[in-house]
A.B. asks: 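Encoded as structure tokens, here's the structure I'll be asking about.
Residue numbering restarts at 1 for every chain, and letters A, B, ... go by the order of the sequence lines.
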There are 2 protein chains.
Amino acid sequence: MDDISPIRAKSGTNQEGTSAHNRRVMIEALRLNGALSRADLARATQLTKQAVSNIIEDLESDGLVVALDAVRKGRGQPSTPYRLVPEGAFAIGLHIDRHLTRAVAVDLMGSVLARAEANLPFDEPSKGVEIILELIAGVRRDLAGISAQSEKRLVGLGVAMPGPFGLKDSDDKWMMPAWQKFPLLETLAKGTGLNVGLQNDAAACATAERIVGAAHGVDHAVCLYVGYGIGAGLILNGELYSGGHGNAGEIGMALLAPAGPGSTPLEHRASLASLYQHLGLNPADSDIYEQMNALVLAEDTKMMAWIDGAAHDLRWSVHLIETIFDPQTVILTSGAPEALARRLVEAMHPLLPSIADRPGRMLPRLQLGTTDPWSIALGAAAAPISRAFDPLFSAILKTSPGAA
Amino acid sequence: MDDISPIRAKSGTNQEGTSAHNRRVMIEALRLNGALSRADLARATQLTKQAVSNIIEDLESDGLVVALDAVRKGRGQPSTPYRLVPEGAFAIGLHIDRHLTRAVAVDLMGSVLARAEANLPFDEPSKGVEIILELIAGVRRDLAGISAQSEKRLVGLGVAMPGPFGLKDSDDKWMMPAWQKFPLLETLAKGTGLNVGLQNDAAACATAERIVGAAHGVDHAVCLYVGYGIGAGLILNGELYSGGHGNAGEIGMALLAPAGPGSTPLEHRASLASLYQHLGLNPADSDIYEQMNALVLAEDTKMMAWIDGAAHDLRWSVHLIETIFDPQTVILTSGAPEALARRLVEAMHPLLPSIADRPGRMLPRLQLGTTDPWSIALGAAAAPISRAFDPLFSAILKTSPGAA
DNA sequence: TGCATTAAGTCAACTCGCTTGACTTAATTA
DNA sequence: TAATTAAGTCAAGCGAGTTGACTTAATGCA
């Protein structure tokens, strides 16, 4: 953000930027529409048939798209649809949580091809990094067994971990203080030789919903993630928004009232950490997931009470989010078992009135997203893919580091 | 957003898009840095000297920039700095409020060159539009007296009025129901022959702060506007964010608590409307501004009580905004007298803790912005200028309607 | 059966805007 | 006075989308 030079200016662009943008537009169009012919693409992108032909030829020789069988649909020469090749690119995603870390390998379409997990020492990042590097190496080996070209086509490593990042030194047990100070990204970049990017867990969840979930093709969506903490992933104008310092959406610390006894952080009321505390569960238990599921299915009184309490605050969070962002939809995702997340969404209804309560809505105001515990790692992996292949403003600029 | 064609895709770009982007980058660089030589611009934008030379030549012949005297600064040939020409473009801004409407003409630098105001019938838009068209015509005449080329260089008409827009039919007295239904933009477009754009008052305020105020050159800022209602103008990634349906930032309807007795819209506690009600003032009084000012200067008990109450809720609003957006700064602007706004900002301190409370901050967490009652009209006028001259993603696309 | 119609896709020449590298201009410094 | 440094220009080059004519291959109608 802060330039070394005192002159502030955006970067210019040239034909390379044009070409990069158009390639990305093609890829996005194929991702959103499944398969399209060159003529379809030309109409949709407003480029000429010839320009599209050249770009598709390039993409095909790069192994990113393939032709399908020609289809006859009425008069005229049959069209040849093209679709993305899943094996056209791969990425590694890493999800670091308090007690556990997960790594996945995904392809261009966001399918998970390999996965691995391991326990993580909460307070010893230097040991933890070794475990992580081993985990990543394992996933890479698995991936290499699936596609011989995987290493060449690996576009990066995405890391997701609980935020917020870069605050004052803090010993807040909600965060992971030892990890906050450790030079994680540099170490991982050295250890893997890959481009490394970081986002918080909620942002990763939103990225996952955008590539393969409920936010696919939606340009304005907010993804509420109820994990150990709670956060919101913001998709604004079709891009993830990270704020001035990368901490946008870190609503766990949001106070529920301006002052007085109700002035509690949201995280203390509506997060799995608060649930564990309420129920006296130990988050380090290996069967914690099953314990929660059983309690929900049994309609355990204390569980139901927590759900009602959390729903009360989440309902209002949705109201505030709608009021502030005017999104097309809000998606609730969670690291909790699906039955629990479903009960939570049900308990949040009826929603509070807001500007989202408008005529002619296409999407529901609130929907249940994924509850797959691997989805954050998936979202982390989707981030480098998105950086490399989605049409972004930054991708046209001369300083753009991304490749496509 | 919703295409007629079932195929969804972004538009491609070509050399025209490249050129348009680079022109805009030059203009923005000159706006942010005052005056720069071609060599400076080449370094800042990462374009070649030659490319910059050609673009500057074009801009000069278009009357958008002029050369200043050459400056010697060390070895080498002296550089010739260029600066923007204020008379390079003009725009009209219109601020429609409940009882009053204001029109201004501004130049490329955002200086107000002409202004006019009139009372407006609250319930009769068809009569109101005639008044408005007359007002605009008057401002245009004044502008033509200042610059002979003004008509040729008029890039558009920006309209700001209280939102939210496009909701269910409502007779909420806080809104302007008759105006919501009236085809205002079409009528104004026909009546003036100009491109017309609409934003809500808080967004206009943020646009004004960005072009000539505290948000100049800041890419992540939120502008709280305390007017008859209350709203937030969101500047994210250097662009105004409007949400999925143009109502982002309409926080007046945000409930202050999830349920129960405290569940009041923010607008009922922290807006000038609530102040008028609290003090028993009549907003239609012509000297309402002076009345408020006198009460603040006299430290009137009821006034101070309102300030304390509003500050209580606003302090918390700032906390939530910081938590959700992670902006570089929050700017409080108001249609109230400066003394009142200043007291309000003072009463909001100390601010609540949030992620904005970080080490190494450059900008204050909260600052007082403009209290000029004309600033919304100014912001409305700045919008078409921004659309036409700022580097925007949409400006590189083939469908881009803006001119530069 | 045969020909007009329609649409996908290609060919080759063109244009536009940035790039390249050498060159000119004009100042400072030794 | 000559070397050095930096701004800015010149002219050829190149890459990517555009243009318009052409080819290919279906359908539909007589």
Side-chain angles (χ1 to χ4, degrees), chain A residues 5 7 11-26 35-61 65 67-82 395-400 404, chain B residues 5 7 10-26 35-62 65 67-82 395-400 404:
Chain A
S5 145
I7 300 179
S11 160
T13 188
N14 56 14
Q15 288 98 310
E16 267 182 76
T18 302
S19 165
H21 173 74
N22 288 347
R23 279 175 72 106
R24 287 165 181 254
V25 165
M26 299 296 152
L36 296 172
S37 68
R38 300 177 185 206
D40 288 335
L41 284 166
R43 278 185 297 265
T45 62
Q46 316 213 39
L47 292 171
T48 58
K49 286 184 293 180
Q50 190 56 55
V52 171
S53 253
N54 295 337
I55 294 167
I56 289 292
E57 197 178 0
D58 279 6
L59 292 175
E60 193 169 18
S61 77
V65 306
L68 303 179
D69 290 340
V71 294
R72 295 189 287 257
K73 45 179 180 189
R75 281 189 185 180
Q77 178 173 332
S79 63
T80 308
Y82 286 78
I396 72 160
L397 305 181
K398 289 193 73 176
T399 33
S400 143
Chain B
S5 146
I7 301 178
K10 283 205 172 61
S11 162
T13 187
N14 55 14
Q15 288 97 310
E16 267 182 75
T18 301
S19 164
H21 173 74
N22 288 346
R23 279 174 70 106
R24 287 166 182 254
V25 165
M26 298 296 152
L36 295 172
S37 68
R38 300 178 185 205
D40 288 335
L41 284 166
R43 276 187 297 266
T45 62
Q46 317 213 37
L47 291 171
T48 58
K49 286 184 294 181
Q50 189 57 51
V52 171
S53 254
N54 294 338
I55 295 167
I56 289 293
E57 196 179 3
D58 278 7
L59 291 175
E60 192 168 19
S61 78
D62 287 355
V65 306
L68 304 178
D69 290 340
V71 292
R72 294 189 286 258
K73 43 179 180 187
R75 279 188 187 180
Q77 177 172 331
S79 63
T80 308
Y82 285 78
I396 72 158
L397 305 181
K398 291 193 70 176
T399 34
S400 143

A.B. asks: Rounded to whole Å, please give me the gap between CZ in Arg72(A) and C1' in dG28(D).
C.D. replies: 15 Å
A.B. asks: Using whole Å, what does the distance between atom C1' of nucleotide dG17(C) and atom NE2 of His21(B) come to?
C.D. replies: 14 Å
A.B. asks: Between dG15(D) atom P and Arg23(A) atom CZ, what is the distance in whole Å?
C.D. replies: 16 Å
A.B. asks: OP1, OP2 of dT19(C) versus side-chain N and O of Asn14(A): anything below 4.0 Å?
C.D. replies: yes
A.B. asks: Looking at Asn22(B), I'd like to know whether one of its side-chain N or O atoms comes within less than 4.0 Å of OP1 or OP2 on dC18(C).
C.D. replies: yes
A.B. asks: Report, as a single string ordered 5' to 3', how protein heavy atoms within less than 4.0 Å touch nucleotides 3-12 of chain D: B base, S sugar-phosphate only, - not at all.
C.D. replies: -BBBBBBBB-
A.B. asks: Specify the separation, in whole Å, of atom CG of Asn54(A) and atom C1' of dG15(D).
C.D. replies: 11 Å
A.B. asks: Using a heavy-atom cut-off of 4.0 Å across all strands, would you classify Ser19(B) as base, sugar-phosphate, or nothing?
C.D. replies: sugar-phosphate
A.B. asks: Can you tell me the distance, in whole Å, between the CD atom of Glu16(A) and the P atom of dG13(D)?
C.D. replies: 20 Å
A.B. asks: Identify the heavy atoms of Asn22(A) and Gly12(B) that sit nearest to each other, and give their distance.
C.D. replies: OD1-CA, 3.2 Å
A.B. asks: To the nearest 0.5 Å, what is the distance between NE2 (His21(B)) and CG (Leu397(A))?
C.D. replies: 5.0 Å
A.B. asks: Write out all pairs satisfying salt bridge (charged side-chain N to carboxylate O under 4.0 Å, His left out) with one or both partners inside residues 44-61 of chain A, taking only residues at least two apart or from two chains.
C.D. replies: none
A.B. asks: With rounding to the nearest 0.5 Å, note down the distance linking CZ in Arg38(B) to OG1 in Thr80(B).
C.D. replies: 7.0 Å
A.B. asks: Would you mind reading off the distance between Met26(A) atom CE and dA16(D) atom C1', rounded to a whole angstrom?
C.D. replies: 12 Å
A.B. asks: Looking at Val65(A) and Ile56(A), what are the two nearest heavy atoms and their distance?
C.D. replies: CG2-O, 4.0 Å
A.B. asks: Calculate, to the nearest 0.5 Å, the distance between atoms OG1 and CD belonging to Thr18(A) and Gln15(A) respectively.
C.D. replies: 6.5 Å
A.B. asks: Any side-chain to backbone donor/acceptor pair from Thr13(A) onto Ile396(A)? Under 3.5 Å, distance only.
C.D. replies: yes
A.B. asks: Please give, in whole Å, the distance from dG15(D) P to Ile55(A) CD1?
C.D. replies: 16 Å
A.B. asks: Using atom CD of Gln15(B) as one end and atom C1' of dG15(D) as the other, report the distance to the nearest whole Å.
C.D. replies: 8 Å
